[in-house]
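Heavy-atom basis, side chains included; hydrogens, waters and symmetry copies ignored. Worth saying up front: this structure is predicted, and the values here are computed from it rather than measured.
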There are 2 protein chains.
Amino acid sequence: MEGPVTIRDVAARAGVALSSVSRVLSGHPDVSASMRAKVEEAAQALGYEPDLLAQSLRSGATRTIGFIIRDIANPLFAVVARACEQELRRNGYSLILMNSDGSVETESKNFALLRRRRVDGVIASLVAEDSPYVKKTILSLRAPLVLLDRDVKGLNASAVITDHAIGVKSATKHLIEAGHRDIAFISGAANVYTTRNRIKGFSEAFAEAGLALPEKLIALGGFDAEYALIHARHFLLKNPRPSAFIAGGIGSTAGVVRAFNEMNLKIGKDIALVALDEWPLFDVFATEVSSVYRDPEAIGSEAAHLILEVLNGNEPRESVIDTKFTARASSQGVR
Amino acid sequence: MEGPVTIRDVAARAGVALSSVSRVLSGHPDVSASMRAKVEEAAQALGYEPDLLAQSLRSGATRTIGFIIRDIANPLFAVVARACEQELRRNGYSLILMNSDGSVETESKNFALLRRRRVDGVIASLVAEDSPYVKKTILSLRAPLVLLDRDVKGLNASAVITDHAIGVKSATKHLIEAGHRDIAFISGAANVYTTRNRIKGFSEAFAEAGLALPEKLIALGGFDAEYALIHARHFLLKNPRPSAFIAGGIGSTAGVVRAFNEMNLKIGKDIALVALDEWPLFDVFATEVSSVYRDPEAIGSEAAHLILEVLNGNEPRESVIDTKFTARASSQGVR
DNA sequence: TTAGATTCTGGTAACGATTCCATCGGGGAA
DNA sequence: TTCCCCGATGGAATCGTTACCAGAATCTAA
């Protein structure tokens with residue numbers, strides 16, 4: 001009873017050659033019934049299970065997928081990760097999780113490490129699209145890549161893209177129709193598709209209404225609550241004060257709502273709010289918040305499908321997830 | 001430019017033996033300066049990086065840790081996972097994430113797969129402590145194990161234990177002192193330490209106050225919102241109606257709050273609420289909720305430390321994380 | 001000057017699996 | 001009966017790395 005059981009041990013016990021054991025266990029057709037019986041008995045008795053490491057070295061495939069994101073603690077991405085892991089697991093793949101901590105440098109190191117681990121593919125939500133690291137690092141990855149909500153040219157990668165614009169446009173229209181003009185928009189960094197696409201929807205709604213875009217009320221710099229808090233405070237001191245806020249993601253919304261609380265502004269009464277994305281307990285606790293929703297489960301399982309497709313020899317492609325605006329108490333009855 | 005660069009290619013380019021390349025790159029002392037220079041030049045020029053797979057096969061260590069939890073989408077565990085991954089990454093380990101989907105069978109399969117992947121250790125939050133699978137599966141793991149908030153005898157595992165009892169006891173005392181007697185308690189399944197330990201604190205507070213435990217107001221069966229919703233509804237129809245609720249975790253709290261909303265009960269006014277754990281945006285949106293808080297960052301990094309300790313040859317041990325009750329508006333002014 | 005120790009280097013055997021190739025029989029066809 | 005082919009098996013090479021062993025070259029000391 002020393003160390004794990006290897007194929008040698010099974011061969012010895014069954015009194016046959018290594019290669020025969022391998023053939024039986026991998027279901028090779030040219031094996032006699034008696035051989036099959038002997039080997040299976042021995043494998044069973046010894047509790048043999050093949051070493052995935054050795055198999056990987058031999059076959060060149062690790063049945064392992066890297067998953068790189070800024071921060072798994074973001075509830076949206078946690079759901080994406082869960083759905084993705086589940087789907088990959090069903091197909092015999094394991095997921096290696098890495099956080100980038102919001103740093104392109106860490107992100108780059110993560111890619112390099114995954115390359116050395118010989119992962120069969122990578123699913124990633126990049127910190128930035130314009131980093132000098134990114135393209136070089138990714139191009140040296142000898143494995144299929146699925147990008148989440150990012151647009152980087154010349155990578156030959158698959159992508160799961162969310163159509164934020166359509167939802168944000170509806171939301172903005174809804175606010176404009178309710179009489180809002182000074183609408184503040186606070187969302188994540190401008191150097192990623194997510195933010196640009198959201199702004200696109202925001203702009204389109206103003207353009208179609210024949211109104212000028214309130215450029216001075218747009219703050220795009222960080223996904224964190226701190227960034228949103230500072231800018232929301234600043235906007236709330238303007239004259240005239242914005243009558244509505246659109247806040248991107250959980251971090252931005254947290255910051256915006258804290259600013260409201262500081263000034264004792266009641267959501268849905270003194271000020272309107274639309275959140276981009278939803279998260280756990282979104283539906284509970286006081287005022288119901290209007291939102292632009294995207295299904296994180298769908299994003300995760302679609303990412304898994306896309307990588308599996310390429311692993312099965314198909315060409316990389318893009319898949320679009322839609323968004324849906326729902327008006328709730330937080331954006332009604334303010335004007 | 002075919003396939004990844006191996007140590008052979010480096011040896012060929014430098015005109016030396018394989019073994020010399022290996023020695024230089026692994027920092028062996030007995031290497032001449034000229035040899036070092038030649039090999040480093042070649043490795044640099046070819047962009048060589050050692051294959052972790054091959055190294056692992058040779059060395060027996062994969063520098064990989066398995067992380068098994070019920071559900072990464074639980075915000076508390078997402079933060080635990082992040083902190084854990086971060087700490088392990090700093091020490092050169094990668095994390096393989098697996099969800100058990102609340103099934104002991106899936107959990108068992110996950111353990112088996114991690115064993116085949118030859119992970120160096122496993123950090124796990126078990127679905128149940130009394131499963132027949134668990135012990136057998138875990139004992140066959142030839143790697144150190146860190147349990148999160150679970151108590152299974154005879155495993156020789158490390159553990160990060162949360163001292164829920166102390167926080168829950170304070171919370172219960174606080175409610176009792178405010179005059180509450182019919183206090184409902186809804187939390188996760190009873191077959192795990194977390195729940196038992198919480199109930200312990202709950203019971204102690206009643207005992208010390210010389211009051212009988214309101215056993216008919218205790219529901220311990222599931223971590224999900226659905227379970228909590230059904231039981232909260234049921235309790236709210238009792239006569240007398242409970243005047244306070246203690247809800248374990250995010251799922252339970254969601255269910256309880258939904259039940260309140262259905263009956264149009266205002267938290268902190270018509271009914272008191274204490275939540276066990278906190279989560280993103282906990283501090284925002286209307287009524288501030290009293291809570292028993294534990295630091296998920298600390299749990300995650302402590303788990304990483306414990307596994308690293310054992311990997312460095314130390315004995316497994318237990319580490320205790322404390323909890324802290326904070327009274328907020330949700331539990332004040334109801335009576 | 002030479003024995004002995006000390007560097008340094010190359011060759012080779014592992015780690016645990018798969019797969020190709022060669023060999024050996026047995027069965028079918030002429 | 002003879003020839004051929006195919007099913008079944010064992011042996012050896014391979015994946016990319018490290019580590020042991022032996023030998024060559026250099027150096028120290030008597």
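Closest contact between the side chain of A/A54 and the listed nucleotides D/dG16, D/dT9, C/dA17 involves C/dA17.
When the side-chain nitrogen and oxygen atoms of A/S56 are compared with OP1 and OP2 of D/dC15, none of them lie within a distance under 4.0 Å. Using a 4.0 Å cut-off, no side-chain N or O of A/S22 falls inside it from OP1 or OP2 of C/dT19.
A residue-by-residue look at B/A17 and A/L18 shows that B/A17 has its nearest nucleotide of DNA chain C further toward the 5' end. Sequence order on DNA chain C of the closest nucleotides to B/S34 and A/I7 puts B/S34 first from the 5' end.
Within 4.0 Å of B/S19, counting heavy atoms only, lies at least one base atom of the nucleic acid.
With A/D130 contributing its side chain and A/N191 its backbone, the two residues share no donor-acceptor pair below 3.5 Å.
For the pair A/Q55 CD and D/dT14 C1', the computed distance is 15 Å after rounding to whole Å. Between A/Y48 atom OH and C/dG16 atom P the separation is 10 Å, expressed in whole Å. Rounded to a whole Å, the CG atom of B/D30 is 9 Å from the P atom of C/dT9. Rounded to whole angstrom, the span from the CE atom of B/M35 across to the P atom of D/dA24 amounts to 17 Å. Note: CZ (A/R8) to P (D/dG10) measures 14 Å, nearest angstrom. Between A/D51 atom CG and C/dA14 atom P there is a gap of 18 Å when expressed in whole angstrom units. Atom CG of B/L57 and atom P of D/dT14 are 17 Å apart (whole Å). Whole-Å rounding puts the A/H28 NE2 to D/dT9 C1' distance at 11 Å.
For D/dG10, its base never sits under 3.5 Å from the side chain of A/S20 at any donor and acceptor pair. No hydrogens or angles were tested; on distance alone, a donor-acceptor pair under 3.5 Å links the side chain of B/R23 to the base of C/dG10.
A salt bridge does not link B/R70 to B/D101: none of the charged side-chain nitrogens sits closer than 4.0 Å to a carboxylate oxygen. Here A/K153 pairs with A/D151 in a salt bridge; the nearest charged N to carboxylate O distance falls below 4.0 Å.
In this structure, B/R150 forms no cation-pi arrangement with B/Y193, as its terminal cationic atom is not both closer than 6.0 Å to the ring centre and no more than 45° off the ring axis.
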Residue pair B/R294, B/D149: steps toward the salt bridge (charged side-chain N to carboxylate O under 4.0 Å, His left out) verdict
CA-CA 12 Å; B/R294 52 173 158 165; B/D149 234 27; 3.6 Å; yes
